Amino acid sequence: MSLDVLVKKAARILRGAKYTVVLTGAGISTESGIPDFRSPGTGLWEKEDPAGFTIDSFCGDPRAFYRRILPLLRLIEQALPNEGHKSLALLEGSGMVKAVITQNIDGLHQAAGSARVFEVHGSFKKGTCLSCHKKHNLALLAVALERGEEPACLACGGAVKPDVILFGEELPPAFQLAQREALKCDCMLVVGSSLQVAPVGYLPRYSKNLLIINRGNTPYDDLARVVINQPAGEVLPLLVAELGLQNFLW
Ligand code: NAD
């Protein structure tokens with residue numbers, strides 16, 4: 001099926017749905033210059049060992065942990081939302097999308113204007129002191145680290161952990177809310193996720209009408225009504241145009 005036919009079919013399903021929820025992953029932000037984890041050749045896991053991103057590795061040596069994440073922190077700080085993020089914000093503004101569940105930690109959905117965003121893996125914008133619970137701006141902490149200072153709490157000197165969910169940690173309350181959204185929806189649009197990270201990767205199983213926009217394959221492709229293996233930043237504006245929302249302002 002051609003891209004045009006697939007976009008028209010996806011638009012038809014979205015028009016007929018009563019409650020559409022979007023689930024995004026790192027793939028929606030690659031066109032903003034942030035690499036994902038699993039794309040062959042460019043994914044972060046080709047260079048980094050996932051074992052370095054556990055809660056134990058953070059607690060064992062926070063300074064070494066920050067040195068590992070500094071390049072990603074810098075990329076996220078400088079990244080801007082792309083046409084994919086903006087299109088999803090337009091879809092929400094028009095009422096066609098009710099919520100965005102995201103595994104991303106980059107804050108780009110909010111920067112694009114999405115309002116109901118459930119960050120199920122936390123956010124890389126802030127960090128919390130594990131001793132006194134003071135909140136810190138991670139970008140400022142990164143500056144301190146680059147100057148050779150300790151990435152420590154200014155109030156008590158404790159270790160400041162980024163507000164992201166590391167391997168070995170429980171998911172935040174946002175995950176329960178996201179699960180409720182997934183149970184409520186009659187249509188789920190997955191964008192830029194390999195759907196390999198549990199338990200978030202299980203959420204599409206609740207949806208009657210599943211649409212997937214992802215460059216690579218996912219374990220749910222056979223269950224989806226539409227699968228488009230093209231860049232999200234190109235496909236989502238086409239979908240918005242097909243729905244007649246390109247000039248929608250909110
Ligand atoms: P993943 O790396 O497992 O999968 C990304 C998927 O996106 C791949 O299947 C790839 O083919 C596809 N993709 C890449 N670029 C695309 C594009 N332009 N358009 C459409 N599809 C594209 O990522 P995941 O499923 O999100 O799960 C892994 C974890 O990655 C999450 O826990 C998330 O927290 C973390 N992560 C987040 C960021 C970020 O916040 N931007 C960056 C890296 C990793």
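Computed from a predicted structure; not experimentally measured. Atoms within a ligand are numbered from 1 in the order they appear, just like the ligands themselves.
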K.L.:
With distance as the sole criterion, is a donor-acceptor pair present between the side chains of Ser32 and Asn82 under 3.5 Å?
P.N.:
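Indeed, the side chains of Ser32 and Asn82 share at least one donor-acceptor pair under 3.5 Å.
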K.L.:
Side chains of Asp163 and Thr128: is there a donor and an acceptor less than 3.5 Å apart?
P.N.:
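Indeed, the side chains of Asp163 and Thr128 share at least one donor-acceptor pair under 3.5 Å.
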K.L.:
Among Gln230, His121, Gln103, which residue places a heavy atom closest to atom 32 (O) of ligand 1?
P.N.:
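The option holding the nearest heavy atom is His121.
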K.L.:
Would you sort out whether Phe58 and Phe65 count as a ring-ring contact (aromatic ring centres under 6.0 Å, His included), showing the intermediate values?
P.N.:
CA-CA 6 Å; Phe58 173 80; Phe65 177 87; 5.1 Å; yes
K.L.:
Can you pull out every ring pair (Phe, Tyr, Trp, His ring centres under 6.0 Å) where at least one residue sits in residues 7-28? Sequence neighbours excluded, please.
P.N.:
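Qualifying pairs, neighbours excluded: none.
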K.L.:
Against heavy atoms of Thr30, which atoms of ligand 1 measure under 4.0 Å?
P.N.:
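It comes down to these atoms of ligand 1: 14 (C), 15 (N), 16 (C), 17 (C), 18 (N).
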K.L.:
Ignoring angles and geometry beyond distance, decide whether Gly25 reaches within less than 3.5 Å of ligand 1 through its nitrogen or oxygen atoms.
P.N.:
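It does not: no N or O of Gly25 is found under 3.5 Å from an N or O of ligand 1.
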K.L.:
Answer with yes or no whether the side chains of Gln110 and Glu119 bring together a donor and an acceptor at under 3.5 Å.
P.N.:
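A pair is found: one side chain offers a donor N or O, the other an acceptor, under 3.5 Å apart.
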K.L.:
Polar contacts were defined as any N/O atom of the residue lying under 3.5 Å from an N/O atom of the ligand; does this apply to Ala232 and ligand 1?
P.N.:
yes
K.L.:
What atoms of ligand 1 come closer than 4.0 angstrom to any heavy atom of Ala26?
P.N.:
23 (O), 24 (P), 26 (O), 36 (N), 37 (C), 38 (C), 42 (C), 43 (C), 44 (C)
K.L.:
Testing Val97, Thr20, Val22 for side-chain contact (heavy atoms from CB on, under 4.5 Å) with Leu91, which one passes?
P.N.:
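Testing Leu91 for a side-chain contact (heavy atoms from CB on, under 4.5 Å) against Val97, Thr20, Val22 leaves exactly one candidate, Val97.
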K.L.:
Is it the side chain (CB and beyond), the backbone, both or neither of Ser194 that lies under 4.0 Å from ligand 1, heavy atoms counted?
P.N.:
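For Ser194, backbone and side-chain atoms both sit under 4.0 Å from ligand 1.
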K.L.:
When you compare the side chains of Arg225 and Asn209, does any donor N or O come within less than 3.5 Å of an acceptor on the partner?
P.N.:
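On atom types as modelled, these side chains qualify, holding a pair under 3.5 Å.
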K.L.:
Is there any ring pair (Phe, Tyr, Trp, His ring centres under 6.0 Å) pair reaching into residues 89-131, and which pairs are they, with sequence neighbours excluded?
P.N.:
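For residues 89-131: His85-His109.
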K.L.:
Have Thr24 and Thr102 got a donor and an acceptor in their side chains that come within less than 3.5 Å?
P.N.:
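On atom types as modelled, these side chains qualify, holding a pair under 3.5 Å.
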K.L.:
Would you say Pro231 and ligand 1 have an N/O pair spaced under 3.5 Å apart?
P.N.:
no
K.L.:
Below the 3.5 angstrom mark, is there an N/O of Ile76, backbone or side chain, next to an N/O of ligand 1?
P.N.:
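The answer is no, given that Ile76 and ligand 1 share no N or O pair closer than 3.5 Å.
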K.L.:
Short list, please: which atoms of ligand 1 are under 4.0 Å from a heavy atom of Gly192?
P.N.:
5 (C), 6 (C), 7 (O), 21 (N)
K.L.:
Looking at Val197, which atoms of ligand 1 are within less than 4.0 Å of one of its heavy atoms?
P.N.:
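By the 4.0 Å cutoff, the relevant atoms are 27 (O), 28 (C).
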K.L.:
I need the atoms of ligand 1 closer than 4.0 Å to a non-hydrogen atom of Glu31, numbered in the order shown.
P.N.:
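Near Glu31, meaning under 4.0 Å from one of its heavy atoms, ligand 1 has 17 (C), 18 (N), 19 (N).
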K.L.:
Quick check on contacts: which atoms of ligand 1 are under 4.0 angstrom from a heavy atom of Asp106?
P.N.:
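Those qualifying, in numeric order: 39 (C), 40 (O), 41 (N).
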K.L.:
Please list, in number order, the atoms of ligand 1 under 4.0 Å from a heavy atom of Ile34.
P.N.:
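What qualifies from ligand 1 is 41 (N), 42 (C).
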K.L.:
Would Gln196 count as a contact residue for ligand 1, given that I'm defining contact as a non-hydrogen atom of the residue lying under 4.0 Å from a ligand atom?
P.N.:
no
